[in-house]
Amino acid sequence: MAKILGSLKPQPLWDIFESICKVPHPSKHEEKLIKFILEFAKEHQIEAFQEKSGNVIMRKPAAPGMEKLKGVILQSHLDMVPQKNSDSSHDFYKDPIVPRIEGRFVKATGTTLGADNGIGIAASLALMASKNINHGPLECLMTFDEESGLTGALKLESGSLKGKILLNLDSEAHGELFIGCAGGQNTTGRIRYKVESAGSNMKAFHLAVKGLKGGHSGVDIHLGRGNAIKLITRVLWNAARDFGIRITELKGGTLRNAIPREAFALVAVPAEMQKGFSEFVSRFADTAALELAAVDPGVSITMEPAPMPDNVIVKVSQKKILNALYSCPNGVFRMSSEMEGLVETSNNLAMVKAEKGEFQIATLQRSSVDSQKDDIAFMIASVLDQAGAKYDSSSSYPGWKPDLNSEILDLMKKVFKKMYGTEPGVAAIHAGLECGLFKSVYPHWDMISFGPSIHSPHSPDESVEIESVGKFWDLLIETLKNIPKKS
């Protein structure tokens, strides 16, 4: 069967990436991809094993004459973010991702592509299987469950890896070398509620917010894209005040690290208020379209008649839920005063669900300053406390502090300039790379992160620039040739 990506170069990388696309590997379900990688290693006679923690490690001796170079670890994560449009029937646990070439990009249809971090995995495997690339002692570290908890990095075992330099292949902007990242923390709340009869002379409607781009809750948070939960909250809060609507169900968002693209509610409205409510929703849809015209032109807010539910949330609980959602901070909270253009602190109002007597809210705080990360988490906790919610914070992880004196940074800047005639950007990223966690286990590692240009990760619009993958590969190969000798 002809390969969809068979015309792209470097062919070994793209060939492996297309094979990875065929293997389901959403977060916490990487076992099929791990099996594929271990079989690949056996076929190519590469030393490979899985730690007790679940991470996969591979080793390859140095090319002849390069044995004295410092050992390098190529690091990527195994899992992908499973996001799809609501009209897609794709099953991320069974169905393959089908990539397609669209102009300068590779994309999927209706789902995330998994270039984050499938390109990094593919590059690592292509290097390990290569016979004619010069490099010193080489290892691969492939971590599991990065996207939903950095679990593999948290469980990394000491002593398994021998290298001194770690190349993290999980960045998404070619031409940028990343030397720092934000830390993160989850804050979650729950409110138990009672229901009561919807009453007579009421009409039911399905409300839907759709068509938003969503995206990565760290990398894309500064773009000002719409948050579907915030938008539907504005509709519900105002409609409860002005039209007496009652909520039966509410849900929005699917992952903590993805900006919510869709949100839905089932509501009941007094029959005499139906016309006013309908006109309000129509006006608000126009307002949202105007507000988001430059960043989210596809936004859609609709209402459709629905069967009348038996029960609605009692008024006192409904008010607490809507006030908590309206008050919850979302988006960029503070910009860095040290690195121009870098988001320092943010929050993603990521997921909500109200059904069967319980309201749940999930948020993700990020910051390169631990005290600011704590501050915004406490702010959210205070909002939830006022609503009478039970709340907790979990999965806190540290940021990665930039080291401008890094040896690998200096080397890669020189290599990049020699290859392309320009200086690369040097930056930190407002996202959770695993490097900060690695430092606690391997404090001697000299680390840097780079990758191809991936757009709209964590959303069905995810795409990777074909040309940037070739440049990323060439930069990786040239870097490995120039690794310094052991001291």
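All values below were derived from every heavy atom in this structure, side-chain atoms included, with hydrogens, water molecules and symmetry-related copies excluded.
The 12-atom threshold is exceeded at CD of E355, counting heavy atoms of other residues, nucleotides or ligands nearer than 6.0 Å. Around NZ of K230, the count of heavy atoms belonging to other residues, nucleotides or ligands within 6.0 Å exceeds 12.
A ring-centre distance under 6.0 Å is not found for Y193 and F359. The aromatic ring centres of F92 and H29 sit 6.0 Å or more apart.
The side-chain hydrogen bond (donor to acceptor under 3.5 Å, both in side chains) search around E272 returns none, not counting sequence neighbours. Under the ring-ring contact (aromatic ring centres under 6.0 Å, His included) criterion, F277 pairs with no residue at all, not counting sequence neighbours. Taking the ring-ring contact (aromatic ring centres under 6.0 Å, His included) definition, one finds that F438 meets it with W445, sequence neighbours left out. Checked against side-chain hydrogen bond (donor to acceptor under 3.5 Å, both in side chains), N55 has the following partners two or more places apart in sequence or in another chain: E51, S53. Shown here are the side-chain hydrogen bond (donor to acceptor under 3.5 Å, both in side chains) partners of D461, two or more places apart in sequence or in another chain: there are none.
Among pairs with a residue in residues 208-221, those fulfilling side-chain hydrogen bond (donor to acceptor under 3.5 Å, both in side chains) read S86-K210, S217-R366, at least two apart in sequence or across chains.
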- Item | Full working for side chain to side chain donor-acceptor pair (under 3.5 Å) between T111 and Q83 | CA-CA 6 Å; T111 71; Q83 283 277 282; over 6 Å; no

- Task: Test L177 against S171 for side-chain contact (heavy atoms from CB on, under 4.5 Å), laying out the working first.
- Result: CA-CA 8 Å; L177 303 177; S171 292; over 6 Å; no

- Given the rule in the ring-ring contact (aromatic ring centres under 6.0 Å, His included) test, do F105 and H455 qualify, once you have shown the distances and angles that lead to the verdict? CA-CA 10 Å; F105 303 95; H455 303 280; 5.8 Å; yes

- Query: Where do F284 and R234 land on the side-chain contact (heavy atoms from CB on, under 4.5 Å) test, with the steps shown first?
  - Reply: CA-CA 9 Å; F284 185 78; R234 288 170 67 181; 3.5 Å; yes

- Message: Let's go through T233 and L349 carefully: what are the C-alpha distance in whole Å and the side-chain angles of both, what is the deciding distance for side-chain contact (heavy atoms from CB on, under 4.5 Å) to 0.1 Å, and is it a yes or a no?
- Response: CA-CA 11 Å; T233 297; L349 175 52; 5.6 Å; no

- Message: Quick one, S453 with E172, criterion side chain to side chain donor-acceptor pair (under 3.5 Å). Give me CA distance, side-chain angles, the key distance, then yes/no.
- Response: CA-CA 5 Å; S453 294; E172 293 153 358; over 6 Å; no

- Would T302 and E304 satisfy side chain to side chain donor-acceptor pair (under 3.5 Å), going step by step from the backbone distance to the final call? CA-CA 7 Å; T302 59; E304 299 289 342; 5.2 Å; no

- Could you go through the side-chain contact (heavy atoms from CB on, under 4.5 Å) check for Y391 and I380 one step at a time? CA-CA 9 Å; Y391 58 88; I380 294 164; over 6 Å; no

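Looking at N201, its side chain never comes within 3.5 Å of a backbone N or O of A271 through a donor-acceptor pair. The backbone N or O of L150 sits nowhere less than 3.5 Å from a side-chain atom of E146 that would complete a donor-acceptor pair. With hydrogens and angles disregarded, no donor-acceptor distance shorter than 3.5 Å links the side chain of R190 to the backbone of K390.
Of the candidates I429, I454, D116, D116 is the only one forming a side chain to side chain contact (heavy atoms under 4.5 Å, CB included) with D170.
Atom-to-atom distance recorded for M303:CE and S282:OG is 10.0 Å, nearest 0.5 angstrom.
Side-chain contact, S148 with D145: a donor N or O sits under 3.5 Å from an acceptor N or O. Side-chain atoms of Q365 and S346 form no donor-acceptor pair, as typed in the model, at a separation below 3.5 Å. K373 and S396 share a donor-acceptor pair across their side chains, judged by distance under 3.5 Å alone. For N330 and N347, the side-chain atoms include no donor-acceptor pair closer than 3.5 Å.
The pair R334-E344 counts as a salt bridge, with a side-chain nitrogen and a carboxylate oxygen less than 4.0 angstrom apart. Using a 4.0 Å cut-off between charged nitrogen and carboxylate oxygen, R246 and E196 count as a salt-bridge pair. Between E102 and R100 there is a salt bridge, with a side-chain nitrogen of the basic residue lying less than 4.0 Å from a carboxylate oxygen of the acidic one. Between E467 and K471, at least one side-chain nitrogen of the basic residue sits less than 4.0 Å from a carboxylate oxygen of the acidic one, meeting the salt-bridge criterion. Using a 4.0 Å cut-off between charged side-chain N and carboxylate O, E279 and K275 make a salt bridge.
Smallest separation of non-hydrogen atoms from G252 and I229: O-CD1, 3.7 Å.
Using a 4.5 Å heavy-atom threshold, the side chains of C21 and P99 count as touching. Side-chain contact between I232 and L325 is absent, with no heavy-atom pair separated by less than 4.5 Å.
Ring-plane geometry between Y326 and W237 is classed as perpendicular, the angle between the planes exceeding 60 degrees on a 0 to 90 degree scale with a lower cut at 30.
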